[in-house]
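If you're wondering where the values come from, they're calculated on a predicted model, not measured in any experiment.
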Amino acid sequence: MKPTLQFRLSQHLTLTPQLQQSIRLLQLSTVELNQEIDRILMENPILERDEADGASAPASTSVPSPAQEAASEDATPDAATAESESDPGTESADAWTPELSSTSWRASDDNDDEGDRAFNAPDMPTLRDHLNTQLSMTNLGARDRALVAMLIDALDEDGYLTQKLDEIAAQLPPEDDVELDELAIALRHLQNFDPSGVGARSPSECLALQIRARTALAGESHAPHAVDAAAAGAVHQLALDIVEHHLELLAKHDSTRLKSATGANEASLRAAEKFIRSLNPRPGAAFARVEARYVVPDVTVRKVRNVWRASLNTEAMPRLRINRLYAELAASARGGNALSTQLQEARWLIKNVRQRFETILRVSQAIVDQQRHFIEHGEIAMRPLVLREIAETLGLHESTISRVTTQKYMATPRGTFELKYFFGSHVATDTGGAASSTAIRALIKQLVAEEDAGAPLSDARVSQILGEQGIVVARRTIAKYRESLHIPPVSQRKGL
């Protein structure tokens with residue numbers, strides 16, 4: 001077979017490095033964007049952060065930021081998005097330093113210095129620290145104190161002793177000669193510590209320990225009032241009987257079998273149930289160290305002249321500029337191709353970061369225009385919205401809207417939400433319209449909150465009520481929405 005030459009003409013789409021970077025930056029969250037910029041700053045000496053105030057940028061030429069453009073009502077953002085590609089050589093801006101405007105996130109009161117104060121969360125003691133402090137103030141002997149300390153170390157975060165005493169004894173060295181009775185005594189000492197219920201081996205024992213502690217405390221406080229003490233003691237005794245022997249019936253709200261098992265009347269059962277609900281089945285949870293995760297909104301929404309306007313949060317926008325010294329060196333013959341390439345890459349990054357926030361602002365304003373009733377009236381007024389509607393409104397691709405709305409947050413008078421929160425499926429209505437799934441969830445939550453505890457609404461009944469309002473929702477859909485709201489079924493919501 002002879003080798004031959006063939007000519008073939010074809011077309012294919014090639015993404016330039018600048019466009020690839022623009023798409024990648026668009027889908028990053030604010031935290032990931034700053035991490036990516038820090039990485040590029042380490043590799044490119046020409047690019048640097050502008051740490052100075054936005055009013056003065058001595059080493060660069062400032063350009064208008066999207067926040068400044070949005071401050072004017074007549075200004076319409078028509079900046080290129082991630083889908084459009086322009087000649088990087090025409091980019092004249094060597095810096096992007098978003099300045100504060102009247103619609104920015106920072107408070108307008110210049111005298112308010114609360115934001116400048118660093119907030120340091122107090123160093124809260126752990127559950128083990130709290131228990132060991134109490135242990136150090138007891139009059140126990142050295143051996144008993146060591147056993148109690150060992151049991152403290154065996155507790156989980158909720159304050160439960162999940163291991164059996166014989167298993168703990170088996171793990172000890174044989175020369176210690178620790179018997180089960182000694183561990184049982186050490187456990188009783190531990191169970192007398194604060195918080196009440198610590199050291200329990202089951203939820204039933206945890207609640208019983210708290211009831212006994214409350215009973216002892218009530219006996220001391222009600223000493224001059226014998227009638228009150230007797231009534232409280234009867235409720236506590238019934239509650240103790242329920243948690244020790246009939247906790248499963250209480251969880252199922254089976255009042256008939258509870259009456260038969262305890263011999264109590266309905267009023268006494270309700271009082272006992274109310275008392276049990278005041279207890280804490282997780283006594284150690286109050287000492288758990290929960291790391292607070294804060295969200296910095298990319299966009300804020302405010303009403304300006306009776307119109308809801310979206311504006312960029314300048315605190316979430318990085319301030320970048322070109323180092324003038326390196327730029328002049330790159331422009332000269334001494335710079336070489338390496339510095340020229342880095343200069344061009346720095347300009348690309350500045351342009352792409354600016355385009356990212358301009359696109360976020362455009363999408364956010366389009367969402368606000370569609371969901372203004374939600375901002376004014378809450379979840380119940382949320383209208384159905386899909387990505388395609390915003391894409392058609394702005395002339396962008398649906399995938400671009402998906403990237404913009406992922407891990408980007410908007411601060412509204414109703415709270416801070418991810419942009420994807422404003423999109424959702426819809427359910428048809430009798431009038432031929434549509435209701436948002438978010439609005440239906442809000443209606444379900446409202447109906448359950450207003451229901452009679454003695455006769456809670458079933459999923460079928462909720463479906464019927466919504467049908468009477470013109471919203472056709474199947475019972476299975478109601479059950480799915482109810483579970484997503486973490487609302488228990490009707491059998492568990494029924495009171496005694």
Side-chain angles (χ1 to χ4, degrees), residues 26-31 33 54 64-79 81 98-109 112 114-115 293-318 353-387 389-396 400-424 436-439 441-442:
L26 191 61
Q27 63 189 5
L28 297 179
S29 65
T30 301
V31 176
L33 174 65
S65 68
Q68 293 170 313
E69 295 175 359
S72 175
E73 293 187 359
D74 297 333
T76 57
D78 56 353
T81 63
E99 298 181 9
L100 300 178
S101 64
S102 60
T103 59
S104 65
W105 173 252
R106 184 173 294 175
S108 59
D109 187 2
D112 185 9
E114 292 293 333
R293 299 181 60 184
Y294 298 96
V295 173
V296 178
D298 300 271
V299 180
T300 60
V301 178
R302 294 179 180 176
K303 180 174 281 191
V304 180
R305 298 181 182 179
N306 294 325
V307 178
W308 291 105
R309 297 291 185 185
S311 61
L312 292 172
N313 177 13
T314 55
E315 297 298 328
M317 301 161 67
V353 170
R354 181 176 63 250
Q355 287 181 354
R356 174 187 184 272
F357 283 97
E358 289 173 346
T359 306
I360 291 175
L361 180 60
R362 293 181 62 197
V363 173
S364 300
Q365 184 60 53
I367 293 174
V368 170
D369 293 340
Q370 295 287 343
Q371 300 291 5
R372 59 183 180 276
H373 295 297
F374 161 78
I375 301 175
E376 295 177 353
H377 305 291
E379 293 180 337
I380 202 169
M382 180 81 78
R383 66 175 297 270
L385 184 65
V386 293
L387 298 176
E389 295 183 46
I390 301 298
E392 293 175 353
T393 301
L394 300 178
L396 302 176
T400 301
I401 306 300
S402 178
R403 294 188 183 97
V404 171
T405 56
T406 301
Q407 297 184 19
K408 315 299 187 303
Y409 295 87
M410 178 189 295
T412 71
R414 296 284 172 183
T416 301
F417 306 94
E418 188 179 10
L419 294 185
K420 275 197 178 299
Y421 172 78
F422 297 94
F423 298 86
S436 170
S437 58
T438 303
R441 289 188 180 93

Has the side chain of [X] got a donor or acceptor atom that lies under 3.5 Å from a matching backbone atom of [Y]?
| X | Y | value |
| --- | --- | --- |
| Gln27 | Arg403 | no |
| Arg356 | Leu28 | yes |
| Arg414 | Ile375 | yes |

Would you call [X] and [Y] a side-chain contact if the rule is heavy atoms closer than 4.5 Å?
| X | Y | answer |
| --- | --- | --- |
| Glu376 | Trp308 | yes |
| Ile367 | Gln370 | no |
| Leu33 | Phe357 | yes |
| Thr438 | Phe422 | no |

With side chain to side chain contact (heavy atoms under 4.5 Å, CB included) as the test, would you mind laying out the steps for Val296 and Thr30 before giving the verdict?
-> CA-CA 8 Å; Val296 178; Thr30 301; 5.5 Å; no
As an exercise, state the distance from [atom1] of [X] to [atom2] of [Y], rounded to the nearest 0.5 Å.
| X | Y | atom1 | atom2 | answer |
| --- | --- | --- | --- | --- |
| Glu418 | Lys408 | CD | NZ | 8.5 Å |
| Leu361 | Asp298 | CG | CG | 11.0 Å |
| Gln365 | Arg309 | CD | CZ | 5.5 Å |
| Ile401 | Glu392 | CD1 | CD | 10.5 Å |

Heavy-atom pair with the smallest gap, counting every atom of [X] and [Y]:
| X | Y | value |
| --- | --- | --- |
| Pro384 | Ser436 | N-CB, 3.5 Å |
| Pro297 | Asn313 | O-ND2, 2.8 Å |
| Ser364 | Val299 | OG-CG2, 3.3 Å |

Under the side chain to side chain donor-acceptor pair (under 3.5 Å) test, which residues partner Gln407, sequence neighbours left out?
-> Ser29
Verify side chain to side chain donor-acceptor pair (under 3.5 Å) between Gln371 and Tyr421, making sure each step is shown before the conclusion.
-> CA-CA 11 Å; Gln371 300 291 5; Tyr421 172 78; over 6 Å; no
Side chain to side chain contact (heavy atoms under 4.5 Å, CB included) between Arg362 and Thr359: does it pass, once the steps are laid out?
-> CA-CA 5 Å; Arg362 293 181 62 197; Thr359 306; 5.7 Å; no
Before giving the answer on side chain to side chain contact (heavy atoms under 4.5 Å, CB included), spell out for Met410 and Val368 the whole-Å C-alpha distance, their side-chain angles and the decisive distance to 0.1 Å.
-> CA-CA 10 Å; Met410 178 189 295; Val368 170; 3.9 Å; yes
Per side-chain contact (heavy atoms from CB on, under 4.5 Å), Val363 is matched among Thr393, Ile390, Thr400 by Ile390
Atom NE2 of His373 with >12 non-hydrogen neighbours under 6.0 angstrom | no
Please lay out, stage by stage, how Lys420 and Ser402 fare under the test side chain to side chain contact (heavy atoms under 4.5 Å, CB included).
-> CA-CA 8 Å; Lys420 275 197 178 299; Ser402 178; 3.7 Å; yes
